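As structure tokens, the structure follows; a few thoughts come after it.
These numbers come from a predicted model, not from an experiment.
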Amino acid sequence: TNENDSKKKSKMKRNKISILLIGFYAGICVISDLAVKYYFKNKQKVETANLTTILIIFKIPFLIKPVYGLMLDFLPIFGYRKKSYLFICFFVNSLSWCIFLYLNEEYFYISIICLFFINVSLSFTTVIGSAIQVDLSKMYENEKSNIGEKTSQLMSEYFIIKSVGTLIPSYFKGHLIEKYSNDIIFVISTLISFFIIISGIILFEEKKTEESSENAASSALLNPEEETQQKESKTTQVLNLIKNKNVILLLSLIFILESTPFCNSSLFYYETNYLGLNPKDLGNIDFLSQISIIVVIYIYKRLCMNYSFKTITFFVRICTFALFSLLYMLIMRITKNYISDLHLITLIMTLQEGFHSLGKLPYWLLAIQFSPLNLEATTYSLSVFSSYLGNISSDFIEYLLVIVCNITKDNFQNLRILVLIENIINLVPMFIILCISNEFFAKNKEKPKEESEKEMVNIEEKKENKSIEDNEINNENK
């Protein structure tokens with residue numbers, strides 16, 4: 001028993017390190033974000049609306065995360081559900097960066113394809129990290145630990161290490177663009193992809209042995225309907241998951257909360273072409289934004305865990321409304337005599353990133369707690385799918401507003417109208433959440449002790465029955 005406990009603790013420790021490496025990679029890989037924007041702005045001469053369209057294309061790989069989750073749950077490669085896919089993600093990412101490095105301005109569409117597959121590998125890697133995270137949460141549950149506390153702690157650590165990873169390139173990427181070319185940053189991004197393969201090596205995952213495969217084959221021969229029943233049961237599990245009212249409500253809620261825009265591409269051109277901010281200034285803004293995210297995660301972990309989902313969401317929306325008002329005052333030049341443009345835009349963007357992260361944390365915790373056994377990757381990737389679908393909806397709304405308001409890379413006359421419209425859209429989710437019962441947010445927050453013990457007994461009984469059946473099959477084969 002002690003030996004099994006030590007092996008289990010070693011597995012949990014290795015998998016936790018693997019999660020943190022994936023989180024760190026997901027953060028540090030943003031070193032290329034600003035360089036990519038300048039690549040399309042300066043080298044490809046892309047307009048504001050077209051840049052928004054390109055950013056939407058780059059979010060499509062994150063939109064199909066449920067497909068990655070299904071692949072992890074049902075299509076293991078060489079007996080591994082996660083390790084093999086991490087190695088494939090590393091190969092795709094590094095190869096795409098190497099091809100992108102040798103392209104010039106004539107290969108516009110090929111550059112988009114390369115960056116698209118880079119985002120495919122990134123999104124797939126984060127799905128693997130989420131699946132490992134959910135697996136660890138289930139281990140805490142099997143140990144009869146406080147599942148809510150352990151899950152929130154694991155999630156907070158993941159977001160913190162991701163923010164720390166983002167913090168490093170956020171400070172240096174502006175300096176690198178000013179001092180060196182974009183190609184240097186793209187070379188660094190290629191080297192950063194090695195974090196993927198390192199996390200795959202550290203990850204502890206039991207391989208499906210030949211003996212277990214032979215037992216399964218023998219079982220299928222002795223009982224021809226078993227294999228078909230297993231496949232049907234998996235399909236039924238997925239269908240039941242999709243039909244679950246609570247899951248549908250959670251996915252709809254995530255989509256609505258992420259669908260509110262915040263002038264992303266319009267502000268990039270406004271900051272660079274009108275306010276005259278340089279890459280170094282934008283890098284400093286990103287750096288401070290990541291610090292605000294870390295501070296917000298720490299505050300949430302220490303002070304906000306006991307506050308309800310509705311309270312946190314209302315607080316975030318009201319604060320975002322105030323930030324939109326400050327942005328409107330900046331565009332109308334009301335504040336030019338009181339505070340510099342650089343300091344005000346830095347304050348707005350820093351607080352916006354912090355409040356946005358604060359609004360995300362409660363529903364990610366809900367997503368983990370709604371994940372059923374054996375469908376962890378699928379459930380969590382569905383939640384991420386809703387999140388990125390909301391992000392694409394947000395970008396599409398901004399795209400339409402940019403066209404209607406006739407905002408270009410040099411014309412910002414109607415930008416104030418865009419800000420006012422988006423400020424109104426920001427308040428809409430508050431009224432939708434009021435219609436949702438408080439019982440939904442309290443559900444699955446903490447499983448009763450008796451219920452957890454019953455689940456453990458059922459799991460142990462199933463394992464014992466399975467081992468007895470396997471022994472009987474082996475004896476009959478002999």
Side-chain angles (χ1 to χ4, degrees), residues 23 26-35 37-38 55 156 159-178 257-258 260-272 274-304 312-336 338-362 391 394 398 415 418-419 422-423 426:
I28 200 170
C29 69
V30 301
I31 191 171
S32 61
D33 288 356
L34 190 58
K37 284 185 179 181
Y38 272 100
L55 295 178
S156 299
F159 278 107
I160 287 174
I161 198 68
K162 182 180 178 181
S163 299
V164 170
T166 310
L167 196 65
I168 299 170
S170 296
Y171 180 77
F172 289 105
K173 63 185 177 183
H175 299 270
L176 290 173
I177 291 175
E178 279 196 334
L257 291 172
E258 291 296 324
T260 53
F262 196 83
C263 314
N264 292 322
S265 56
S266 305
L267 274 183
F268 173 69
Y269 281 95
Y270 180 75
E271 290 166 352
T272 54
Y274 187 81
L275 297 181
L277 302 187
N278 54 42
K280 182 179 177 181
D281 296 329
L282 296 179
N284 291 335
I285 291 174
D286 285 344
F287 176 74
L288 293 174
S289 298
Q290 296 309 314
I291 291 178
S292 72
I293 292 174
I294 296 174
V295 171
V296 162
I297 293 173
Y298 179 80
I299 292 173
Y300 175 79
K301 184 178 177 181
R302 292 293 181 183
L303 303 176
C304 301
I312 294 176
T313 304
F314 276 46
F315 174 75
V316 168
R317 293 291 155 175
I318 292 171
C319 291
T320 306
F321 178 85
L323 293 179
F324 267 114
S325 302
L326 279 177
L327 183 59
Y328 180 82
M329 295 170 67
L330 171 66
I331 295 169
M332 295 299 295
R333 315 305 296 159
I334 297 174
T335 59
K336 64 180 181 179
Y338 305 100
I339 185 172
S340 66
D341 295 336
L342 175 60
H343 291 159
L344 185 56
I345 197 68
T346 301
L347 177 66
I348 293 171
M349 300 306 296
T350 300
L351 293 178
Q352 191 270 336
E353 286 292 336
F355 289 129
H356 186 239
S357 299
L358 178 60
K360 278 184 172 183
L361 290 172
N391 287 333
S394 170
E398 183 179 349
L415 183 60
L418 176 68
V419 171
E422 292 188 357
N423 202 2
N426 167 69

With rounding to the nearest 0.5 angstrom, report the CG to CG distance, L275 to L267. 9.0 Å

If you take all heavy atoms of T260 and L257, which pair is closest and at what distance? OG1-O, 3.5 Å

Quick one: are I291 and T350 in side-chain contact, heavy atoms under 4.5 Å? no

Taking the side chain as everything from C-beta on, heavy atoms only, tell me whether F315 gets closer than 4.5 Å to L358. yes

For the CD1 atom of I318 and the CZ atom of F355, what is their distance to the nearest 0.5 Å? 11.0 Å

Which atom pair, heavy atoms only, marks the closest approach of S32 to C29? OG-O, 3.3 Å

Once ring pair (Phe, Tyr, Trp, His ring centres under 6.0 Å) is applied, do any residues pair with Y269, and if so which ones, sequence neighbours excluded? none

Would you mind reporting whether N426 and N423 have side-chain heavy atoms less than 4.5 Å apart? yes

Listed partners of E398 passing side-chain hydrogen bond (donor to acceptor under 3.5 Å, both in side chains), at least two apart: S265, S266

Calculate, to the nearest 0.5 Å, the distance between atoms CD1 and NZ belonging to I294 and K162 respectively. 12.5 Å

Can you pull the salt bridge (Lys or Arg N to Asp or Glu O under 4.0 Å) pairs that have at least one residue in residues 282-293, sequence neighbours excluded? K173-D286

Student check: side-chain heavy atoms of L327 and I331 closer than 4.5 Å: yes

Residue pairs, two or more places apart or on separate chains, that pass salt bridge (Lys or Arg N to Asp or Glu O under 4.0 Å) and touch residues 313-326: none

Would you give me the side-chain donor-acceptor pairs under 3.5 Å for residues 340-348, sequence neighbours excluded?
unit_1, atom_1, unit_2, atom_2, d
S340, OG, H343, N, 3.3
S340, OG, H343, ND1, 3.0
D341, OD1, R333, NH1, 3.3
D341, OD1, R333, NH2, 3.4
D341, OD2, R333, NH1, 3.4
D341, OD2, R333, NH2, 2.8
T346, OG1, L342, O, 2.6

OH (Y38) with more than 12 external heavy atoms under 6.0 Å: yes

To the nearest 0.5 Å, atom CG of L418 lies from atom OH of Y328 at 12.5 Å

Find the distance between NE2 (H356) and OG1 (T320) and round it off to the nearest 0.5 Å. 8.5 Å

side-chain hydrogen bond (donor to acceptor under 3.5 Å, both in side chains) filter on Q352, not counting sequence neighbours, yields none

Roughly how far apart are S292 OG and M349 CE, rounded to 0.5 Å? 10.0 Å

Closest non-hydrogen contact found for S394 with E258 is CB-O, 3.6 Å

